[in-house]
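Shown below is the structure under consideration.
Position 1 is the first residue of the sequence, and the numbers go up from there. Given the structure is predicted, the values throughout are model-derived calculations rather than measurements.
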Amino acid sequence: MQSIDITYLNGPDVKALDITDAEILAAVEGALRAQGQGKTVIEPRVHLIPESSDKGHFNVLRGYIEPLHVAGVKVVSDFVDNYKVGLPSEMALLNLFDPVTGKPLAIVDATAITDMRTGAVTALGAKHLARRGSKILGHIGARGTSYWNVRLLDSIFDFDEIRVHSRRPESRQAFSDRLSRDLGKPVKVVEDWESCVRGADIVVEASRLPEPTPLLKTEWIKPGALVMPYGTMSAVELSLTDIMSKVVVDDWGQCRKGLPFGALRAHVDSDRITQENLHAELGQIVAGLKPGREREDETILFWHRGLSTTDIALGQAMLDKARRLGIGQTLKFA
């Protein structure tokens, strides 16, 4: 048997790559375009719950991208109380494989990838679905993905006002301080959900709730706004879909009936969102097969659950850059 080497990129390696906002967005947009063109395989995520979902669980995501000639599997943990022991709430490993032979290609610390690709899907959703003149962002939550939501959104819209809120005062202040420093503009901390959401052009809900609780009220949503909730447990009212001109998802296969978790799970299970009344998957819009925003007065809802293909595309982009820069370790597999 021929010898097989795999590339290992650890957390410091990923940081050393210093991947740019533009590189992140390009990799993720390429994955979305391939999905829209029918050139991907996305298996709905599965969950491993060691004790109870309110404590934490593992997500297992699997996919294949034909244009990149790569398949991958990511395992990401999501444990809400990790801050108490000095650990991030989400940690992940991505495994990349040759899709023809199954040969392992790489192991990548995907903790940063998870955060970056989530932020990129949020930002690319807004690129196609928000009003071009959107100037006020309201962001609920300070979880790991939240930083990249705000950073990549601001790289597209250059907001006049960014409001942030999260459950713990210390986390929202630290979140604001980091963003203010990195974006070079003030980021406003607000004390409650309503102050964050009301009047915002773009609303992102990335809360960490132990059980579904309708904390984000439909009446606060500005006409013409884009709303993007993606918490594991729903934080929105059932009436949210009543005011929407369009509903877009990242992948219907992961949003359909019969699956657990998700910000709009109750809306799907009660037939408020169905495959028939869904406007599009984001990949179809990126590929030019369906329109995104068509009028200034449209109020639009975008729900993304997380795509394995965006992890794989960003992981492959990092692997390519690491090889160019001589970063990473070579491990003997066989």
Side-chain angles (χ1 to χ4, degrees), residues 1-17 19 23-24 26-28 30-32 34-35 39-50 56-79 82 87-121 144-145 148 250-251 253-254 261 283 304-334:
M1 185 177 74
Q2 63 175 278
S3 64
I4 299 174
D5 292 333
I6 59 177
T7 301
Y8 174 51
L9 297 179
N10 60 29
D13 293 330
V14 170
K15 185 176 181 179
L17 291 174
I19 195 160
E23 288 172 327
I24 296 167
V28 172
L32 291 169
Q35 178 194 3
K39 296 180 179 179
T40 62
V41 176
I42 301 172
E43 295 287 348
R45 70 179 58 199
V46 294
H47 305 274
L48 171 63
I49 305 172
H57 61 275
F58 297 91
N59 300 301
V60 183
L61 294 82
R62 304 152 291 161
Y64 160 63
I65 305 173
E66 179 186 331
L68 296 182
H69 193 72
V70 66
V73 178
K74 186 185 80 169
V75 180
V76 55
S77 59
D78 188 354
F79 287 78
N82 274 7
L87 291 173
S89 59
E90 294 166 303
M91 293 176 279
L93 283 175
L94 172 66
N95 298 282
L96 298 177
F97 301 90
D98 183 304
V100 174
T101 65
K103 182 176 72 172
L105 302 174
I107 301 171
V108 184
D109 179 337
T111 305
I113 288 175
T114 300
D115 294 346
M116 291 172 179
R117 64 82 156 149
T118 302
V121 173
T145 56
W148 288 98
D250 57 353
D251 175 51
Q254 296 188 99
F261 304 131
H304 59 93
R305 299 223 58 215
L307 295 173
S308 59
T309 47
T310 59
D311 292 302
I312 293 163
L314 186 51
Q316 184 64 51
M318 288 183 173
L319 185 61
D320 292 341
K321 188 170 185 178
R323 287 169 175 164
R324 293 195 303 270
L325 298 178
I327 292 174
Q329 303 171 52
T330 299
L331 304 178
K332 179 63 67 178
F333 180 79

Report task. Kindly compute the distance separating NZ (Lys39) from OH (Tyr64), expressed to the nearest 0.5 Å. Result -> 10.5 Å

**Report entry** Lys321 atom NZ, over 12 foreign heavy atoms within 6.0 Å
**Finding:**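 Buried by this count: over 12 neighbours within 6.0 Å.
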
**Report entry** Straight-line distance of Leu314 CG to Arg117 CZ, nearest 0.5 Å
**Finding:** 9.5 Å

Report task. Report yes if some heavy atom in the side chain of Arg305 is under 4.5 Å from a heavy atom in the side chain of Asp250; otherwise report no. Result -> yes

Requested in this report: Indicate yes or no: at least one non-hydrogen side-chain atom of Asp98 is less than 4.5 angstrom from one of His69.
Outcome: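 Yes; the side chains approach each other to less than 4.5 Å.
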
Query - Gap separating the OG1 atom of Thr40 from the CG atom of Leu32, nearest 0.5 angstrom - result: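 That separation rounds to 9.5 Å.
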
Query raised in the report: Any sub-3.5 Å donor-acceptor pair from Gln254's side-chain atoms to Arg45's backbone N or O?
Result: yes

Query - Under 3.5 Å donor-acceptor, Asp78 side chain and Glu90 backbone - result: no

Query raised in the report: Does Asp13 reach the side chain of Asp109, with side-chain heavy atoms less than 4.5 Å apart?
Result: no

Report summary line: When rounded to the nearest 0.5 Å, the distance separating CE of Met318 from CD1 of Ile113 is 4.5 Å

Requested in this report: Check whether any side-chain heavy atom of Ile42 lies under 4.5 Å from a side-chain heavy atom of Leu307, and answer yes or no.
Outcome: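 Counting from C-beta outward, Ile42 and Leu307 do come under 4.5 Å.
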
Query raised in the report: Can you find a pair of side-chain heavy atoms, one from Val76 and one from Asn59, that are under 4.5 Å apart?
Result: yes

**Report entry** Gap separating the CG atom of Asp5 from the NZ atom of Lys332, nearest 0.5 angstrom
**Finding:**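 Result: 4.0 Å between the selected atoms.
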
Query - Close side-chain approach of Leu17 to Glu23, heavy-atom, < 4.5 Å - result: no

Report task. Ignoring hydrogens and angles, tell me if any N or O in the side chain of Arg62 forms a donor-acceptor pair with the backbone of Pro44 under 3.5 Å. Result ->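 Yes.
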
Query raised in the report: Do Phe79 and Ser89 touch side chain to side chain, with heavy atoms closer than 4.5 Å?
Result: no

Report summary line: Between Leu93 and Ala110, the two heavy atoms sitting closest are C-CB, 4.0 Å

Query raised in the report: Say you draw a straight line from CD1 of Ile312 to CD of Gln316; how long is it, rounded to the nearest 0.5 Å?
Result: 9.5 Å

Query raised in the report: Tell me, do Thr118 and His304 make a side-chain contact under 4.5 Å, heavy atoms counted?
Result: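 Side chain of Thr118 against side chain of His304, heavy atoms only: contact under 4.5 Å found.
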
